[in-house]
Amino acid sequence: MIQLVRGFKDILPEEATVWQYIEQIARDHFGSFGFNEIRPPVLEQAALFRRSIGEHTDIVEKEMYTFPGSKGNLLTLRPEATASVVRAYIQHKLYASDPVQKLYTIGPMFRKERPQKGRYRQFHQINAEVFGIESPYMDAHLIFMLLSFFGKLAVDPLRVHLNSLGCPECRKPYKEAITAALSERAELLCTDCVRRLDKNPLRLLDCKVPGCREEVAHTPGMVDFLCDGCQAHFETVKSGLAAMGVVFQVDPRLVRGLDYYTRTAFEIQTDELGAQSAIAGGGRYDGLVEQLGGPSMPAIGFAVGTDRLAELILSRQDPGLRRPEIFFAAMGEAAWRKSFEWACALSARGIRVEIDFSERSLKALMRRADRLRAQYVLIVGDRELSENTATLRHMASSRQIAVPADGLVKAVMVELRSESQQ
RNA sequence: GUGGGUGUAGCUCAGAGGUAGAGCGCCAGGUUGUGGCCCUGGUGGUCGUGGGUUCAAGUCCCAUCACUCACCCCA
C-alpha cells in the first residue's frame, strides 16, 4: 500500500481532539491579550526566507523544501511563519492604519530534517507577533502571555531561558571579539565551528561538542558587550518578568538559529520530550521589517510547537473521542425509519447522536452504545410503536422512561438539558 | 548527512531450524427486548521486502525498505 511520506504524520481522531483543545485555548487566550488572527499561505518565494532567516543558517542551507516555480523563480514551503507574517504586514501596509499590530497564526511548517521524537518534517506552530512596540515591557508581557497559555493547558513545570543578543551596533564588536579569541585556537574546534567562525560566529556559543564548549567557556559573554540601550532594555525585561512572578534563568548560550533576532531571545523548555526540549521560542526582531523592504519598525514574536505541546498533554492524560449524548437502538424496519427521522432532527439541533445502520440484536446495539459511552439510548421496537412511545434509557443509572412519540425531539432535548445541569 | 535499536494478527508482544501463538480488541452465543462483570465459540497474519544456505527458514546469512531513538539544529 502507499504509505505516508517520511517525517510526516497523521493526526488521528483521538489526538485531534487534543489539537482542537490546544488551538481553541490559544485563540481565546491570545484574543484576550488583544491579538487578531492572520493566515498567510504555506508557500512563499524562496528569497523571503533566505533574506530573513539568513543565508548561512542550517534552515536555509539544508532544510528547506524548495522547488522551481513556473516563472524561473524558486518557491519554498515555509520553514517558519514569522517571515510570512512580516511580508504580509509590509505588503498590505498594515502599519499605515495602525503601526501597532498584534497578530497570531496557526499552521504547518516544513523542514527537511531527519525525523525523531518531537521532530517532524511537517510540524505545526502557533505563532504570535507584535509590530510597532519597542518597549521592553512588551517583551515581558508577551512572555507572560505565553507562560499563562501553558498554565491554562496545565503543562508546567517549564524552564524559561532568557538572553539578550544585542543590536547590530553592539553585536558587531562582540562577533569580532569571539572570532579573535577563537580563531587562533581553531584547531581545537569541530569542523562545523571552524566554518561558523567565518560565517556566523554567534552559533559557536551553543555548539554541543565538548571541545568547543571548553573553548567557548573562556570567551566573553554577549552581556559584557551590550550597548547602553540594549543593556537598559534587557534589565527592564528582567525586572518586568520578575514583577509578574515569572521565574527565568539568563542563559548566555541561548543564541537561536535564525539571524534576524535582536535583543531579547527566549526559549521555553521541558524535560519530558527526550532530546527535543524546546516547546516554544522567540525573540525580538527590530530590524527585520525594514530589512524586508518595510518601514523601520520594532517587532517581537514567538512560536509554540503544537506537536510537542500535544505530546506533552497526551503524556499526562488519555484522550477520548466525543461521547454521543444519545444512541438510537431500533429494531425492525418501521422502528428504524422512525428513529432515523428523530436522529436527523436531533443532530440538526446540535445534539450528538449516534445511530446504527446495521440490523442487529438489541443486545449488540446496547453493547455498542456502551462502548461509545453514550449517555442515553433511545430504544424503539414493535412494543413502543404499538404504544406510540419510545423508551429512553439513561445508561449510568439504568433508569428508563417512556417518551411519547409525539413531540419526542423536544422532550429528549429537555431531558438532556436537565441532565447536563446536574 | 552520521550512528544505535526494532520490524510476527487491528494493538502489545512470545516463538530462536521441524504444523504460526497468547493477551487485549472485534463479531456472535449464553438472555426469542437491554450495556458493563463472567463463561463459550468465532474472526483475524505473503512472520517488512528480495535473494541465499538447508530435506526443512519468523528462526541462520546477505541485501534492501520502513519505523524509531540519538547526533546536528530547532518548535
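Because only heavy atoms are used, hydrogens play no part in the values below, and waters and symmetry mates are left out as well, while side chains stay in.
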- request: Sticking with atom C1', work out how far B:A14 lies from B:A22, rounded to a whole angstrom.
  value: 7 Å
Applying the 3.5 Å cut-off to both distances, the Watson-Crick or G-U partner of B:G42 turns out to be B:C26
When all nucleic acid strands are considered with a 4.0 Å heavy-atom cut-off, which category describes A:A329: base, sugar-phosphate, or nothing?
nothing
- Task: State whether the distance check finds a donor on one side and an acceptor on the other, under 3.5 Å, for side chain A:K363 versus base B:G30.
- Result: yes
By nearest-nucleotide position on RNA chain B, the 5'-leaning member of A:K62 and A:G305 is A:K62
Of A:R111 and A:R393, the one whose closest nucleotide on RNA chain B sits nearer the 5' end is A:R393
Span that lies between the P atom of B:A63 and that of B:G4, in whole angstrom: 13 Å
Side-chain atoms of A:R371 come closest, of B:C27, B:U34, B:A75, to B:C27
### Task
State whether a side-chain donor-acceptor pair under 3.5 Å links A:E44 with A:S84.
yes
| Would A:E333 and A:R337 pass as an ion pair if we require N to O under 4.0 Å? | yes
Exercise. Mind running side chain to side chain contact (heavy atoms under 4.5 Å, CB included) on A:E415 and A:I401 for me, showing each step along the way?
Key: CA-CA 11 Å; A:E415 172 69 20; A:I401 56 173; 4.3 Å; yes
Margin query: For a quick check, tell me whether the side chain of A:S361 and the base of B:G33 share a donor-acceptor pair closer than 3.5 Å.
Written below: no
The Watson-Crick or G-U wobble partner of B:A20, with both key distances under 3.5 Å, is none
Would you mind classifying the nucleic acid contact of A:T306 as base, sugar-phosphate or nothing, using non-hydrogen atoms under 4.0 angstrom? nothing
5' to 3', nucleotides 64-70 of chain B under a 4.0 Å protein heavy-atom cut-off (B base, S sugar-phosphate only, - none) gives ---S-SB
B:U6 -> Watson-Crick or G-U wobble partner, both distances under 3.5 Å, gives B:A66
Counting only heavy atoms not in A:R316, do more than 12 sit closer than 6.0 Å to its CZ atom?
-> yes
NA contact type, A:A303, heavy-atom cut-off 4.0 Å: base, sugar-phosphate, or nothing? sugar-phosphate
- Please work out if A:E61 contacts a base, only the sugar-phosphate, or nothing of the nucleic acid, heavy-atom cut-off 4.0 Å. nothing
Assigned chi class of B:G10 under the 90° convention is anti
Pairing partner of B:U59, by Watson-Crick or G-U wobble and under 3.5 Å for both distances, is none
From CE of A:M366 across to P of B:A28 the rounded distance in Å is 14 Å
Rounded to whole Å, the CD-P distance (A:Q269 to B:A75) equals 11 Å
* Rounding to the closest angstrom, what is the interatomic distance between B:G15 and B:C26 at atom P? -> 27 Å
Does A:R367 put a side-chain nitrogen or oxygen below 4.0 Å from OP1 or OP2 of B:A28? yes
From CZ of A:F110 across to P of B:A75 the rounded distance in Å is 16 Å
Identify whether the distance between the nearest side-chain nitrogen and carboxylate oxygen of A:E384 and A:K338 falls below 4.0 Å.
no
note: A:L392, atom CG; B:U34, atom C1'; distance rounded to Å ~ 14 Å
Any strand, both distances under 3.5 Å, Watson-Crick or G-U wobble: B:G33 pairs with none
Against the side chain of A:R360, the closest entry in B:G33, B:A28, B:A75 is B:A28
- When you check the side-chain N and O atoms of A:E129 and A:T82, is any donor under 3.5 Å from an acceptor? yes
(message) Can a side-chain donor-acceptor contact be found between A:S164 and A:H233 if the only test is distance below 3.5 angstrom?
(response) no
Per atom distances to the A:T391 side chain, the nearest of B:G33, B:G35, B:C27 is B:G33
Check your understanding: Under 3.5 Å, is there a donor-acceptor pair linking the side chains of A:Q291 and A:Y285?
Key -> no
B:U31 and B:U40: how far apart are their P atoms, nearest whole angstrom? 16 Å
- So what does A:D382 touch, heavy atoms closer than 4.0 Å: a base, only the sugar-phosphate, or nothing? base
Can you find a donor-acceptor N/O pair under 3.5 angstrom joining the side chain of A:Q400 to the base of B:G33? no
Scanning all shown strands, the Watson-Crick or wobble mate of B:C71 with both distances under 3.5 Å is B:G1
*asked:* Assess, by modelled atom type and distance only, whether the side chains of A:N127 and A:T105 contain a donor and an acceptor separated by less than 3.5 Å.
replied: no
Select base, sugar-phosphate, or nothing to describe what A:I379 touches, counting heavy atoms under 4.0 Å on all strands. base
